Each structure stands twice: as C-alpha cells, then as structure tokens.
Amino acid sequence: DKIAIKVQPRPESNFNWSENSMNAIPTIQFEVNSETATNWEWNFDNGMTSNKKKPVVTFRKKGFYNVKLTTVNTEGCAKISQQQLEISTDYNLLAPNSFTPNADGINDDFIPKALDILNVNFEMSIFDKRGLIYSTKSVSYPWTGSNQRDGGVCPQGAYVWTVKYKDHDGIDQIYKGTINLLK
C-alpha cells in the first residue's frame, strides 16, 4: 500500500523595522514581509509580545534585543526568523533628572514631558523616604516641590517618581525614575 503525503510549504517569515520618533516618543514600527502567513507571534526580548502584523514598540533601555517572529500559514506550518536590534538610548517619558522650584520661571516644576505628548489618562506619584508626598492625574498640575501629606515644602534631595497609564492598546505601562529637587 502506498500512502500519499502532501508536504505543505512553510510560510515566509521575514520582517523589517523602521524607527519613528513621532511626537518625540521613540518607537520602532515592525512589519511582516510575508504574503503566505496568516498569524504572527512577536517576541521583542524586552518582556513584550504581540500578535499584530505591524506592531509598534517602545524600548525603554538601550542595548541589543533579539527580536523573534514566528509566522504560521493556513495549513498550520510555522517558521521562525530572528534579527538583532540595537537601541542606542534609554527612554523614560522624557523626564528631566532635576528641577528648581524657586519661582524664577525657569524649571520650577516637574512632570515628564512625554505625558503632554502621549495624551493618555495617567497617575503620577512622588515619594520621599517615608512614602507618598504628591499625586496628580493632570499635566496642568505638575509637582512644584510641595508635600501634599503635610502641606509643607519639600527639602532639597532626591525623590522617586512613578507614572502609571494604559497605552492605546489597553496595556498597563509603569515608568519609574528619580528627580532631584534643587534649591
């Protein structure tokens, strides 16, 4: 007896990317170069994955990333391709590292610049060694060095900030950094 076996072709699994710093937010636009693939699974080597044909990704830390794409065609055949991507700079919401709340009209408050550009609902919190001292959900109310906990003015020093928001895909984004209050 003879058994006919039909071997299905594997899908193409090539991709390319382009940098896009639209609105000063550094993003990488990835794109699948395959006519035969119907499903795409991306692993960006930064904790993020996607199943979109043209995902847009922001890499927060500089370094080398091994981006892997798995494509699947209608027959269920899969193929993997991988490319290394180099990110040359860190990205942390375009936040400055210091400010001087001395009412001179220059650098008197703190809010990461990207929050104005992103146009998302967010919550920014500022912490000292004892806990939360300031919180805002509006770019119109940046931190001016005040302490919401006791109504006082914060002394010179380093403070931790966090920003939480949902991106346009509904994924929680959390950024953290340090801001130096200088007198």
Side-chain angles (χ1 to χ4, degrees), residues 2-98 110-127 137 139 158-180:
K2 290 185 178 181
I3 300 173
I5 298 175
K6 182 176 182 184
V7 177
Q8 300 291 345
R10 290 176 22 181
E12 299 166 25
S13 184
N14 299 319
F15 65 92
N16 57 22
W17 70 83
S18 58
E19 292 183 48
N20 181 358
S21 291
M22 207 161 112
N23 296 328
I25 313 267
T27 60
I28 306 291
Q29 168 81 61
F30 291 91
E31 184 170 5
V32 176
N33 295 329
S34 174
E35 300 295 321
T36 58
T38 55
N39 290 307
W40 313 272
E41 291 180 28
W42 296 89
N43 183 323
F44 301 106
D45 196 22
N46 65 352
M48 295 179 64
T49 59
S50 177
N51 59 4
K52 294 182 175 182
K53 188 173 185 178
K54 296 181 180 183
V56 176
V57 179
T58 296
F59 290 83
R60 296 184 186 187
K61 298 289 180 194
K62 66 182 174 184
F64 292 91
Y65 295 88
N66 292 311
V67 178
K68 185 166 73 172
L69 169 65
T70 303
T71 54
V72 181
N73 62 16
T74 54
E75 290 83 18
C77 299
K79 187 173 181 185
I80 297 171
S81 64
Q82 185 169 306
Q83 296 182 42
Q84 189 175 70
L85 171 67
E86 181 181 8
I87 301 298
S88 56
T89 56
D90 288 343
Y91 171 72
N92 203 14
L93 293 179
L94 308 176
N97 58 11
S98 64
F110 166 74
I111 198 152
K113 305 271 183 267
L115 293 175
D116 205 17
I117 300 164
L118 285 168
N119 192 26
V120 293
N121 293 326
F122 69 90
E123 181 173 8
M124 180 179 80
S125 302
I126 309 290
F127 300 89
K137 293 182 178 183
V139 292
Y159 296 84
V160 172
W161 62 268
T162 63
V163 169
K164 299 176 185 177
Y165 70 89
K166 287 193 183 297
D167 67 16
H168 296 295
D169 292 325
I171 298 169
D172 288 329
Q173 299 293 323
I174 300 172
Y175 286 83
K176 297 178 182 180
T178 302
I179 181 71
N180 291 302

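On a predicted model such as this, the values are computed, not experimentally measured, just so you know.
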Engineer: Taking Thr58 for its side chain and Pro26 for its backbone only, find out whether a donor-acceptor pair lies under 3.5 Å.
Structural biologist: yes
Engineer: With the side chain counted from C-beta on, respond yes when Ser18 and Glu31 share a heavy-atom pair under 4.5 Å apart, and no when they do not.
Structural biologist: no
Engineer: Using atom types as modelled and distance alone, determine if a side-chain donor or acceptor of Asn92 lies under 3.5 Å from a backbone N or O of Arg60.
Structural biologist: no
Engineer: Is it the case that the side chain of Asn180 and the backbone of Asn97 share a donor-acceptor pair, with hydrogens and angles ignored and the cut-off at 3.5 Å?
Structural biologist: yes
Engineer: For Ala158, does its backbone N or O pair with a side-chain atom of Thr178 as donor and acceptor, under 3.5 Å?
Structural biologist: no
Engineer: Distance-only, no hydrogens or angles: does the Thr71 side chain make a donor-acceptor pair with backbone N or O of Glu12 under 3.5 Å?
Structural biologist: yes
Engineer: Does Glu35, at its CD atom, have more than 12 non-hydrogen atoms belonging to other residues, nucleotides or ligands within less than 6.0 Å?
Structural biologist: no
Engineer: What are the two closest non-hydrogen atoms of Pro11 and Cys77, and how far apart are they?
Structural biologist: CD-O, 3.2 Å
Engineer: For the OG atom of Ser98 and the CZ atom of Phe110, what is their distance to the nearest 0.5 Å?
Structural biologist: 10.0 Å
Engineer: Looking at Gln29, I want to see if its CD is surrounded by more than 12 non-hydrogen atoms of other residues, nucleotides or ligands under 6.0 Å.
Structural biologist: yes
Engineer: Taking atom CG of Asn16 as the centre, report whether more than 12 heavy atoms of other residues, nucleotides or ligands fall under 6.0 Å from it.
Structural biologist: yes
Engineer: What are the two closest heavy atoms between Phe127 and Thr162, and how far apart are they?
Structural biologist: CE1-OG1, 3.7 Å
Engineer: For Trp42, check ring-ring contact (aromatic ring centres under 6.0 Å, His included) against everything at least two apart and list the hits.
Structural biologist: Phe15, Phe30, Phe44
Engineer: To the nearest 0.5 Å, what is the distance between CD1 on Ile80 and OG1 on Thr70?
Structural biologist: 4.0 Å
Engineer: Please name the pair of heavy atoms, one in Trp40 and one in Lys53, separated by the smallest distance, quoted to 0.1 Å.
Structural biologist: CZ2-CD, 3.7 Å
Engineer: Could you tell me which non-hydrogen atom of Trp161 sits nearest to which non-hydrogen atom of Ile179, and how far apart they are?
Structural biologist: CD1-N, 3.9 Å
Engineer: Minimum heavy-atom separation for Lys79 to Ser13, with atom names?
Structural biologist: O-OG, 3.2 Å
Engineer: Between Val57 and Trp17, is there a side-chain heavy-atom distance shorter than 4.5 Å?
Structural biologist: no
Engineer: Output yes when a side-chain donor or acceptor of Asp90 lies under 3.5 Å from a complementary backbone atom of Lys62, and no otherwise.
Structural biologist: yes
Engineer: First locate atom CG of Leu94, then atom CD1 of Ile117, and finally report the distance between them rounded to the nearest 0.5 Å.
Structural biologist: 5.5 Å
Engineer: Counting only N and O atoms by type, is there a donor-acceptor contact under 3.5 Å from the side chain of Thr38 to the main-chain atoms of Val72?
Structural biologist: yes
Engineer: Going through the distances and angles, do Ile28 and Tyr65 end up as a side-chain contact (heavy atoms from CB on, under 4.5 Å)?
Structural biologist: CA-CA 12 Å; Ile28 306 291; Tyr65 295 88; over 6 Å; no
Engineer: Nearest 0.5 Å, please: how far is CG in Asp45 from NZ in Lys68?
Structural biologist: 9.5 Å
Engineer: Give, for atom CG of Asn119 and atom OH of Tyr165, the distance between the pair rounded to the nearest 0.5 Å.
Structural biologist: 12.0 Å
Engineer: Going from CG on Asn39 to OG1 on Thr74, what distance comes out if it is rounded to the nearest 0.5 angstrom?
Structural biologist: 10.0 Å
Engineer: More than 12 non-hydrogen atoms from neighbouring residues, nucleotides or ligands closer than 6.0 Å to CD on Glu41, yes or no?
Structural biologist: no
Engineer: Between Leu93 and Leu118, is the side-chain contact (heavy atoms from CB on, under 4.5 Å) condition met? List the steps.
Structural biologist: CA-CA 9 Å; Leu93 293 179; Leu118 285 168; 3.9 Å; yes
